[in-house]
Trainee: 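Before I ask anything, here is the structure I am working with.
Throughout, numbering of the chain's residues begins at 1 and tracks the sequence.
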Amino acid sequence: MRKIAVLGATGSIGASTLDVVARHPDRFRVTALAAHRSVSALAELCTKFRPELAVIADPAREAELRARLAAAGVACRVAAGADALVEAASGTHCDTVVAAIVGAAGLESTLAAARAGKRLLLANKEAIVMAGPLLLAALAEGGGELLPLDSEHNAVFQCLPGGRPDLGRAGVRRLLLTASGGPFRGLTVADLADVTPERACAHPNWRMGRKISVDSATLMNKGLEVIEAHYLFDAPAERIDVVVHRQSIVHSLVEYVDGSVLAQLGNPDMRTAIAYGLAWPERVETGVAPLDLLALARLDFEAPDLATFRCLALAYQALRAGGTATTTLNAANEEAVAAFLDHRLPFLAIAQTIERCLEALPSAPASDLATLLDADLTARRQAQRIIRELGIGNRE
Ligand code: NAD
Ligand code: MG
């Protein structure tokens, strides 16, 4: 029986995870559930899954969570705050952690799960972009395993023998990450000047949280994924390519030196990748509809438009710079996306904010957590200044 902690239980990945878990009560048990602020949603999940531990990140909501659980007759331990997230990720109640908090807020608990030797199912890509070397060191220290939930990395993992080999020895020439192109594929810079958060969040193929939806619209999501692939598979930037594939059926590919290209295909539904991580090395039913190739009839591929979607180029630039540059990129992006979602920043200024932050803050070696947290904070402050300059109401 796998004992599972789901961090970010009330989000899109959390919901898909719990859907898979509920299909296999003989294999999977939820032992901890954590969320940010949505007390009623968390209490409902606790009522259904009966974990040992319920964590609400915002301490101001702890009393309400206790009251709701008591009223529902759920007898589980309740805790709140950052330390409680770490406990949920590293306590003896679980052997598996689904890291599905969005953004830098998930870093500490993701690192804690790795250090504690859990099976880490990583959705929280911002953690590895911010602190890749530290996460890998924590994994090595804990002796656990990391299985990527991001569909592209999950696909690459499935196409590599043993999941994570020495790419040179395995005869890998390059990794090809597919990108849907997001809701604005094919548009020009002029078309993008006035797009709204609502349009940016209307993804054609995937239903996801708002932050990653905007990242998909800017192509920063693919940029973060290039960096994620670099750390997960020890692949240099020049061996990671992005190909736009609007149907989101081929989730990624691995090209070998002998001319073979292996791909993983499936309908765009995160439950496939999540179930693969939960059950690995076995496979289990997910409720995902079988792929109907004849109904699809065709699959299209094209090059990404890096001139219009600057964020992808900036992510490559940060990866090549190394050190704290990817931490800066991630922090500036989080601030800019939040400002865009809040109607404070135009869509195109997201990339401008990140570019200016990377210019202003030279990369330093990413030696320890304190250095990275400092780089994160410095980049956020810098981004806030730039956002005030470029922000809506400040133009003209
Ligand atoms: P979401 O916004 O739907 O859910 C986010 C979850 O994180 C919620 O449960 C929320 O309560 C929790 N959370 C937010 N801030 C928190 C904080 N400060 N402390 C504790 N918990 C906090 O997001 P999502 O779409 O589920 O994405 C989650 C992560 O998975 C992101 O890193 C995203 O990039 C990654 N991911 C998502 C998908 C997808 O299909 N949704 C695919 C690949 C990767
Ligand atoms: Mg992805």
Side-chain angles (χ1 to χ4, degrees), residues 11-12 102-105 125-126 129 177-227 242-248 268 300-318 326 328-361 379-396:
S12 157
V102 57
K125 65 188 90 187
E126 295 89 352
V129 169
L177 304 184
T178 51
S180 68
F184 302 144
R185 184 180 50 84
L187 299 193
T188 63
V189 169
D191 299 329
L192 292 172
D194 292 316
V195 297
T196 59
E198 289 62 41
R199 277 184 68 200
C201 288
H203 197 280
N205 304 343
W206 301 94
R207 294 189 55 204
M208 311 180 286
R210 283 166 72 78
K211 192 263 178 184
I212 183 176
S213 296
V214 175
D215 286 346
S216 297
T218 61
L219 285 203
M220 179 53 94
N221 184 49
K222 214 47 55 180
L224 299 177
E225 290 180 357
V226 167
I227 298 166
V242 171
V243 54
V244 173
H245 163 51
R246 63 182 169 81
Q247 292 93 350
S248 296
D300 295 280
F301 301 95
E302 61 193 84
D305 175 358
L306 296 185
T308 305
F309 298 94
R310 296 272 309 131
C311 285
L312 179 54
L314 292 170
Y316 270 104
Q317 180 189 317
T326 60
T328 299
L329 175 95
N330 180 67
N333 182 55
E334 285 193 26
E335 294 297 322
V337 170
F340 169 69
L341 282 172
D342 208 18
H343 300 270
R344 285 186 286 118
L345 191 72
F347 183 78
L348 290 168
I350 296 174
Q352 287 173 300
T353 302
I354 299 162
E355 183 160 30
R356 288 220 212 157
C357 277
L358 287 172
E359 272 166 18
L361 305 168
R380 284 175 198 273
R381 289 191 179 134
Q382 183 75 20
Q384 284 303 340
R385 280 193 287 272
I386 299 168
I387 289 165
R388 277 196 293 275
E389 258 178 72
L390 300 177
I392 291 168
N394 274 340
R395 287 182 296 170
E396 259 80 53

Trainee: Any salt bridge (charged side-chain N to carboxylate O under 4.0 Å, His left out) involving residues 204-219? Give me the pairs, sequence neighbours left out, ordered by first then second residue.
Mentor: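 Pairs touching residues 204-219 that pass the test: Glu126-Lys211, Lys211-Asp215.
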Trainee: Hey, are the side chains of Val189 and Leu192 touching, using non-hydrogen atoms and a 4.5 Å cut-off?
Mentor: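 Side-chain contact under 4.5 Å: no.
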Trainee: Identify, with sequence neighbours excluded, every residue that meets salt bridge (charged side-chain N to carboxylate O under 4.0 Å, His left out) alongside Arg185.
Mentor: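 With neighbours one apart ignored, the set is Glu302.
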Trainee: Do you know the tightest heavy-atom contact between Pro304 and Leu219?
Mentor: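 Closest heavy-atom pair between Pro304 and Leu219: CB-CD1, 4.4 Å.
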Trainee: Side-chain polar contacts of residues 338-350 - donor-acceptor pairs under 3.5 angstrom, sequence neighbours left out - could you list them?
Mentor:
unit_1, atom_1, unit_2, atom_2, d
Asp342, OD2, Arg344, NE, 2.9

Trainee: Can you name the closest pair of heavy atoms from Pro183 and Ala200 and give their distance?
Mentor: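 Taking Pro183 first and Ala200 second, the nearest heavy atoms are CG-O, 3.5 Å.
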Trainee: Might you point out which heavy atoms bring Ala332 and Ala383 nearest each other, and give the distance in Å?
Mentor: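 Closest approach of Ala332 to Ala383: CA-CB, 4.1 Å.
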Trainee: Donor-acceptor pair, His245 side chain versus Asp300 backbone, under 3.5 Å?
Mentor: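 Flag set: sc His245 to bb Asp300 pair under 3.5 Å.
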Trainee: Give me the atom names and distance for the closest heavy-atom approach of Leu177 to Lys222.
Mentor: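 Of all heavy-atom pairs spanning Leu177 and Lys222, the closest is CB-CD, 4.5 Å.
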Trainee: Could you list the residues that satisfy side-chain contact (heavy atoms from CB on, under 4.5 Å) with Arg356, not counting sequence neighbours?
Mentor: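 By the side-chain contact (heavy atoms from CB on, under 4.5 Å) rule, Arg356 matches Ile386, Glu389, Leu390.
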Trainee: Considering residues at least two apart in sequence or located in another chain, which fulfil the side-chain contact (heavy atoms from CB on, under 4.5 Å) criterion with Leu329?
Mentor: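 Listed in chain order: Met220, Leu224, Ile227, Leu314, Ala315, Ala318, Ile354, Leu358.
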Trainee: Only counting residues at least two apart or in another chain, list the ones meeting side chain to side chain donor-acceptor pair (under 3.5 Å) with Ser180.
Mentor: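 Expected list: His203.
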Trainee: Could you measure the distance from the CD atom of Glu359 to the OG1 atom of Thr328? Nearest 0.5 Å is fine.
Mentor: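 Interatomic distance, Glu359 CD to Thr328 OG1, rounded to 0.5 Å: 12.5 Å.
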Trainee: Indicate whether the side chain of Gln384 and that of Arg381 have a donor and an acceptor atom separated by less than 3.5 Å.
Mentor: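 Side-chain D/A pair, Gln384 to Arg381: absent.
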Trainee: Within a strict 4.5 Å, meaning less than it, do heavy atoms of the Ser248 and Trp206 side chains meet?
Mentor: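 Answer yes - side chains close enough.
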Trainee: When you compare the side chain of Lys125 with that of Asn221, does any pair of heavy atoms fall below 4.5 Å?
Mentor: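 A side-chain contact exists here, since the closest heavy-atom pair is under 4.5 Å.
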Trainee: Between CZ of Arg199 and SG of Cys201, what distance do you get to the nearest 0.5 Å?
Mentor: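 Rounded to the nearest 0.5 Å, the CZ-SG separation comes out at 12.0 Å.
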Trainee: Would you say that Tyr316 contacts Val226 through its side chain, given a criterion of any heavy-atom pair below 4.5 Å between the two side chains?
Mentor: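 SC-SC contact between Tyr316 and Val226 confirmed.
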Trainee: Taking the side chain as everything from C-beta on, heavy atoms only, tell me whether Gln382 gets closer than 4.5 Å to Glu335.
Mentor: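 No, every pair of side-chain atoms sits at 4.5 Å or beyond.
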